Amino acid sequence: MSEVSADVLERVVRDEERHLEELLEYLRIPSVSTDPAYAEDVRACSRWLAEKMRAAGLEVELIERGGGNPMVYGEWTGAEGAPTVLFYGHYDVQPPDPLEQWRSPPFEPTIEGDHLVARGATDDKGQSYTHLKAVEAMLAERGRLPVNVKFLVEGEEEIGGESIDAYVREDAGRRLACDGVVVSDTSMYAPGQPALLYGLKGLCYMEITVDGPDRDLHSGSFGGAVMNPGNAVCAIVASLRDPATGRIRIPGFYDAVRPIEDWERKEFASLGHDEAEYAAAIGVGELVGEDGYTTLERVWARPTCDVNGLWSGYQGAGAKTVLPATAGAKVSMRLVPDQDPKEIARLFAEHVRKVAPKGVRVAVKDLHGGEAVLIDATGPWFEAASDVFEAEWGKRPVLIREGGSIPIVSTFAEVLEVPVLLAGLGLDDDRLHSPNEKFNISHYHGGIRTMVRLLDRLASVEGGES
Ligand SMILES: [Zn+2]
């Protein structure tokens, strides 16, 4: 145990049973944000969390915008001149379906060895509750904190996070003024190997619809005379990617792409990623992708273009000889810095119109998009986080990127202009969004201790403008 934090760390260990009990209580509230049937539970969950924040010693307020789910805001700002940490998390969860695949009911948290199984266990109740328990323990032990803290915990993360995005932009760093943001809503690289995530991809999601004849036609009477929308959509989709090199063929697509830096290639290579194991785990015989890049580079740091849905014609059993009247495809592109989702949507639409076969009407729609983020993974906040993870978990965190997106992270980075620490406490096998979601109980308690150490460590980091 580090000297400075020993007092609080001891208290945290003494309180482990209560900390776990409280998390079980939190997980019993079915705060499913996407389903209106749970609307009351979502609100109850926000009140429950607000109550816990108050009990910990924070000034608390429920922030509501329009018809959105409340955000739970809490702060303790008694450390004059010291840095300010903003802790972000979300108390809403994914729907538990399919229910029959759960070994125990999703909202009756069950302990299986070191695993705590429940919806929301890792995403994100268990992970983000470590922040509050660390602050609570420190206030209880010392009556004060070494830094100022603010909490912003939202209830719409799983449905797009509109309220918080609008709130953060409107606030423009007034109430939310801070020197750094801490988010625990991601995974470590592997068991025993912590990670700090510094790059997330953006997204551009498009829909193509192809209309041909005004009804399905007999394929004998009309075949050969008209352009078949099914054939047309296949031609369009096939034009998007070079099968030999894996390169995306939309003109201009790569123009703004920020290249992977040498230190990143080295860092990724040092992780000893096992490609055969990775392929086996997803049931494929071999991995394919863009020439000249490793799997981690492709997934984390190179843009992609993939069909997410494809439809046309007869889908039932047996054979029906028909020329379909319509066809369509949903195509998403995962973007990297500095690709602009609006510009990529424009290039995509232009390309589709250019390659669209004659004889059909093709429409392209931009469904939604978001920018990639790349956080500068140097500086005192990353140093501090690396030190405390190493102190608690015995290994210095590796720096990783991810193929997914967490939209609020780019908003924080852009609006607050401070470092964002994506300090994940989960594991890749936590089954988030799936049946039997779990969080390792040892990661929960270890996470609380990590956050205690972080609060103490950040006190010696130079304060920013606030
Ligand atoms: Zn989450």
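It should be emphasised that the depicted structure is a prediction, and the values quoted were computed from it without experimental measurement. Counting convention: from 1, in listed order, for ligands and their atoms alike.
With sequence neighbours excluded, no residue forms a salt bridge (Lys or Arg N to Asp or Glu O under 4.0 Å) with Arg174.
Side-chain contact annotation: Asn148 with Lys150, donor-acceptor N/O pair under 3.5 Å absent. There is no side-chain donor-acceptor pair under 3.5 Å between Trp300 and Glu264. At a cut-off of 3.5 Å, with distance as the only test, a side-chain donor of Ser405 or Arg334 sits close to an acceptor on the other residue. Checked by atom type, the side-chain pair Tyr88/Glu154 shows a donor-acceptor distance below 3.5 Å. Side-chain atoms of Lys125 and Ser31 include a donor-acceptor pair closer than 3.5 Å.
Inspection of the environment of the Zn ion (ligand 1) yields the following protein N, O or S atoms under 2.8 Å: His90 NE2, Asp123 OD1, Asp185 OD1, Asp185 OD2.
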